[in-house]
Asker: 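Quick one: the structure is below, and I'll ask about it shortly.
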Amino acid sequence: MLLPARLIGVVAIALPLVARRRLTLTRPAAPLVVVAGLCEVLGFAAFATGARHGLAVAAVLASQFAGLAAIAAYLLFHERLTRWQVSGVTVVAVGVATLAAVRA
């Protein structure tokens, strides 16, 4: 039986923290943990639904995660983006646009 990589990652991080009694969930962090979990489940469900209609399209859209995270950090948290990050977001956007134009 193969274990999912996420489960292995969670166990690798959580077990040492539990063993040292350092895994605590504070009241301010609890809503963020719940929202993160819900977003993870919704994201996986959206990918699975999209993959039923076209795996290639769903994979291309999923690959935009890093670029969207950088743009969200810039807009929401006023993070500064380096030239490499801006060029990476640009390359991803141009690549997706090219794939969409070729597919149409």
Side-chain angles (χ1 to χ4, degrees):
M1 176 177 98
L2 290 174
L3 295 175
R6 289 184 182 147
L7 178 62
I8 294 170
V10 167
V11 169
I13 297 296
L15 280 182
L17 292 173
V18 169
R20 292 182 176 182
R21 297 179 189 250
R22 298 197 59 179
L23 183 65
T24 59
L25 181 61
T26 62
R27 184 177 294 269
L32 299 174
V33 171
V34 171
V35 168
L38 289 174
C39 288
E40 177 73 24
V41 170
L42 289 173
F44 184 75
F47 179 79
T49 302
R52 289 175 48 194
H53 298 288
L55 183 58
V57 174
V60 168
L61 292 175
S63 70
Q64 296 180 46
F65 173 74
L68 291 175
I71 292 170
Y74 175 77
L75 295 175
L76 297 174
F77 305 117
H78 307 291
E79 297 269 341
R80 292 185 181 174
L81 298 179
T82 65
R83 288 185 178 142
W84 281 107
Q85 290 170 319
V86 171
S87 63
V89 169
T90 303
V91 167
V92 168
V94 168
V96 170
T98 301
L99 287 174
V102 169
R103 187 166 191 256

Asker: How close do Arg80 and Gln85 get, counting heavy atoms only, and between which atoms?
Answerer: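 Result for this residue pair: O-OE1, 3.8 Å.
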
Asker: What's the separation between atom OG1 in Thr24 and atom CZ in Arg22, rounded to the nearest 0.5 Å?
Answerer: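 If we round to the nearest 0.5 Å, Thr24:OG1 and Arg22:CZ are 8.5 Å apart.
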
Asker: Flag yes if Ile71 and Val86 sit in one hydrophobic cluster, no otherwise; membership is Ile, Leu, Val, Met, Phe, Trp, Tyr, and two members link when side-chain heavy atoms are under 4.5 Å apart.
Answerer: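 Shared cluster, yes.
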
Asker: Is the shortest heavy-atom distance from the side chain of Leu55 to the side chain of Phe47 under 4.5 Å?
Answerer: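 The answer is yes; the side chains approach within 4.5 Å.
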
Asker: Show the nearest heavy-atom pair for residues Gly50 and Ala58, with the distance to one decimal.
Answerer: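 Closest heavy-atom pair between Gly50 and Ala58: C-CB, 3.8 Å.
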
Asker: Can Leu23 be reached from Ile13 by stepping across I, L, V, M, F, W or Y side chains whose heavy atoms are under 4.5 Å apart?
Answerer: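 Same cluster.
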
Asker: Which atom names give the shortest non-hydrogen contact between Ala70 and Val89, and what distance separates them?
Answerer: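 Closest heavy-atom pair between Ala70 and Val89: CB-CG2, 4.2 Å.
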
Asker: Step through the shown structure and confirm whether more than 12 heavy atoms of other residues, nucleotides or ligands are within 6.0 Å of CG on Leu81.
Answerer: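 Count over threshold, so yes.
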
